[in-house]
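Encoded as structure tokens, the structure appears first; notes follow it.
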Amino acid sequence: MPTVPIPVPGSDQPVGTAVLRFTMLETIPGVVVAAVIAAALLTYYRLRSGRPARSFADGGTASVTVGLTGTEKPAGLLRWFTTVDHKDIGLLYILFGTAAALWGATDAMMIRTELLVPETAIWNVETYNAVFTTHGFTMLFFFVTPVFTGIANYVLPLLLGADDLAFPRINAIAFWLLPPSLLLVRGGLITDVMGMVLGVLPLDVSALEALEPVGMGWTMYTPLSVEMANPQISVALLGLHLSGVATTMAAINFIVTVLTERPDDLGWDRLDIFSWNILVTSGLILLAFPLLGSTLIMLLLDRNFGTTFFAIEGGGPMLWQHLFWFFGHPEVYILVLPAFGLISLILPKFCGRRLFGFRFIVYSTIAIGVMSFGVWAHHMFATGMDPRLRASFMAVSLAIAIPSAIKEFNWIATMWNGRLRLDAPLICIIGGLSTFVVGGITGVFLAAVPVDLVLHDTHYVVGHFHLIVVGVIPLAMIAASYYWFPLITGRMYNQRLARVQSLLLVVGSFVTFLPLLVLGYEGMPRRYGVYPAEFITLNQIASLGALVLGVSVVLWLVNMVQSARVGPVVRDADVWNLKETGQFTREWQWFEERLEDRRADSTRPESSPERTRAGEGTDSDSGTD
């Protein structure tokens with residue numbers, strides 16, 4: 001088609017010439033492009049194969065103290081794309097979850113920035129809706145669960161004395177499903193940015209601009225989620241479904257590993273508390289996530305094929321709420337039970353005592369798992385359900401606080417008369433116990449029907465929920481990162497900076513979310529970017545607390561990265577003096593063996609840099625299917 005030359009300001013060349021050149025590029029046959037790419041790849045690998053092999057005994061890293069895997073693996077990125085070692089995959093999970101957390105935290109900071117003033121001064125209403133929607137998706141599905149899965153990947157086989165998880169290749173597949181899932185869920189923002197960048201070129205970007213960020217809320221209530229025309233919603237539903245498949249695969253792997261990979265001398269009565277929590281959590285995932293996947297598919301069918309699962313003439317909008325919350329409330333405990341397991345495992349190590357009431361904490365974990373499937377409708381008290389049903393769900397919702405309280409009191413009893421060692425892990429845990437008291441008690445109030453009818457859909461709910469998912473879960477994660485950092489990296493972190501960072505995280509959690517409880521009491525609704533002027537002071541205090549949280553996260557990142565690079569090398573595996581109290585558990589014993597093997601290898605006369613680089617004289621530590 002002939003083009004009409006349109007002069008471009010500041011240029012002697014018309015736009016038509018650029019379009020003509022672009023159309024000429026389209027005439028190049030695809031087979032030629034493919035042949036050029038194949039030839040380039042072949043040349044690269046031929047040149048690469050001519051070089052001397054550079055694989056390290058620790059699987060491609062340059063650790064000066066201990067091999068992380070103890071087996072020969074390809075060096076560089078190829079190792080991470082092909083590994084089936086549970087420790088490598090655990091690190092990949094943790095890195096992915098951390099990246100997703102930073103992305104979701106950026107959403108949270110955008111929310112708090114907008115709420116600094118009563119009117120929409122920074123983002124428009126559509127952007128605000130999209131931001132709190134993607135914030136919920138990212139934090140729940142791509143931050144908390146992947147990070148806990150990564151921690152379990154790394155330490156669970158070590159705690160059990162197993163070589164690897166039961167199905168290493170399935171383990172790798174489960175992880176590699178997550179990055180595309182995140183891109184599908186958040187694709188509206190990505191395509192929006194790509195459309196703006198490519199829009200300056202003579203390209204048709206209408207397809208990219210059609211995929212707008214989703215703004216329906218993370219609960220995806222119908223009929224809004226069915227009737228919104230944005231096609232990105234269907235793409236996001238597929239991404240959520242794919243992440244559920246990945247999470248279910250990981251849960252099956254953990255269950256089979258705990259059941260079959262334990263040594264004969266490790267009975268159920270001697271199984272560590274973190275493994276118990278991962279086992280119960282995996283059971284919840286196995287029952288809850290397939291239901292979510294089925295529900296998402298029904299919503300996809302309603303949106304794209306005219307079915308009526310959630311239409312008035314079908315199951316109705318209430319069907320979505322029942323199905324979603326039947327997944328959604330066990331999901332709360334899927335998020336928090338691994339954190340409880342980490343607290344129960346790490347707390348005694350810094351108190352100089354064994355965990356008080358070990359059996360009761362195990363029983364309370366199982367009780368929470370069972371009862372979590374009987375409380376979902378307390379999210380629906382305001383929908384007008386039968387009062388008799390509301391009363392029954394209120395009773396179970398109040399009762400589930402009992403096993404949670406058992407944990408809290410047992411943790412306090414563990415600290416009582418103990419020799420507390422106020423290192424960063426213990427500071428995080430004490431802070432987590434404090435936020436759990438406030439977050440748990442406010443949850444008890446919301447479980448009462450008369451109170452919930454007043455406070456439902458206010459900022460009180462946001463404050464209660466975030467005191468758990470920000471006050472307990474990240475604190476437990478960071479405590480674990482400090483506790484196992486020497487084991488993973490062979491180096492020690494800056495302990496003074498870690499104490500400051502932990503205190504900032506605890507203070508920031510209270511300063512951010514306690515004002516939200518007061519705002520809820522005063523009647524400020526949640527999910528609104530515009531609010532009456534009388535709420536401005538408390539909102540600004542909450543936004544200041546969010547800034548403190550952001551500073552704390554940055555300090556943690558700096559400490560972790562710098563300490564992994566240049567931190568003091570660990571020479572003694574008993575970093576926390578656990579032998580003194582008889583708590584030198586299996587993972588630290590594994591670490592001590594690796595240190596001794598490394599020292600023995602370095603003192604052998606026949607050992608040389610070339611032999612070490614080639615992986616000779618090392619023992620295999622990776623599993624296979």
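This one's a predicted model, so the numbers in the text were calculated from it and none came from an experiment. Just the heavy atoms: all of them, side chains too, but no hydrogens, waters or symmetry mates, feed the values below.
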Quiz item: Does the ring center of Phe436 lie less than 6.0 Å from the ring center of Phe340?
Solution: yes

Quiz item: Does the side chain of Thr138 come under 3.5 Å of the side chain of Arg186 through a donor N or O and an acceptor N or O?
Solution: yes

Quiz item: Do Arg527 and Asn129 meet the criterion of a side-chain donor-acceptor pair at a distance under 3.5 Å?
Solution: no

Exercise. Please tell me if the side chains of Pro317 and Ile312 come closer than 4.5 Å, counting only heavy atoms from C-beta onward.
Key: yes

Self-check item: Check: His329/His378 side-chain N/O donor and acceptor closer than 3.5 Å
Solution: yes

Quiz item: Would Val144 and Met139 count as a side-chain contact (heavy atoms from CB on, under 4.5 Å) if you check the C-alpha gap in whole Å, the side-chain angles of each, and the deciding distance to 0.1 Å?
Solution: CA-CA 6 Å; Val144 178; Met139 291 308 210; 5.5 Å; no

Quiz prompt | Flag side-chain contact, heavy atom, 4.5 Å: Phe96 against Leu182 | solution = yes

Quiz prompt | Validation row: Leu240, Ser181 side chains within 4.5 angstrom (heavy atoms) | solution = no

Exercise. Measure the shortest side-chain to side-chain distance between Thr435 and Phe513 over non-hydrogen atoms and say whether it is less than 4.5 angstrom.
Key: no

Quiz prompt | Side-chain heavy atoms of Trp276 within contact of Leu337, under 4.5 Å | solution = no

Exercise. Apply side-chain contact (heavy atoms from CB on, under 4.5 Å) to Thr113 and Ser543, showing your working.
Key: CA-CA 7 Å; Thr113 303; Ser543 295; over 6 Å; no

Quiz item: Got a sec, which residues hit ring pair (Phe, Tyr, Trp, His ring centres under 6.0 Å) with Trp176, two or more places apart in sequence or on another chain?
Solution: Phe81

Practice problem: For the pair His135 and His466, name the ring-plane relationship: parallel under 30°, tilted 30 to 60°, perpendicular over 60°. | Solution: parallel

Quiz item: For the ring pair Phe326 and Phe373, is the centre-to-centre distance below 6.0 Å?
Solution: yes

Exercise. On the 0 to 90° scale, with breaks at 30° and 60°, tag the Phe327-Phe289 ring pair as parallel, tilted or perpendicular.
Key: perpendicular

Quiz item: What pairs with Asp452 under salt bridge (Lys or Arg N to Asp or Glu O under 4.0 Å), at least two apart in sequence or on another chain?
Solution: none

Quiz item: Quick check: are there more than 12 heavy atoms from other residues, nucleotides or ligands sitting under 6.0 Å from CG of Leu259?
Solution: yes

Quiz item: Counting only N and O atoms by type, is there a donor-acceptor contact under 3.5 Å from the side chain of Asp302 to the main-chain atoms of Phe310?
Solution: yes

Self-check item: Heavy-atom donor-acceptor pair, Thr257 side chain to Leu165 backbone, under 3.5 Å
Solution: no

Quiz item: Does the side chain of Leu398 reach to within under 4.5 Å of the side chain of Val444, using non-hydrogen atoms?
Solution: yes

Exercise. Report yes or no: does Thr458 contribute a side-chain atom to a donor-acceptor pair with the main-chain N or O of Tyr460 at less than 3.5 Å?
Key: yes

Quiz item: For Asn539 and Met524, which heavy atoms make the closest approach, and how far apart are they?
Solution: ND2-SD, 3.4 Å

Quiz item: Donor-acceptor pair, Thr120 side chain versus Val125 backbone, under 3.5 Å?
Solution: no

Practice problem: Verify side-chain contact (heavy atoms from CB on, under 4.5 Å) between Tyr154 and Leu91, making sure each step is shown before the conclusion. | Solution: CA-CA 7 Å; Tyr154 202 103; Leu91 293 175; 4.0 Å; yes

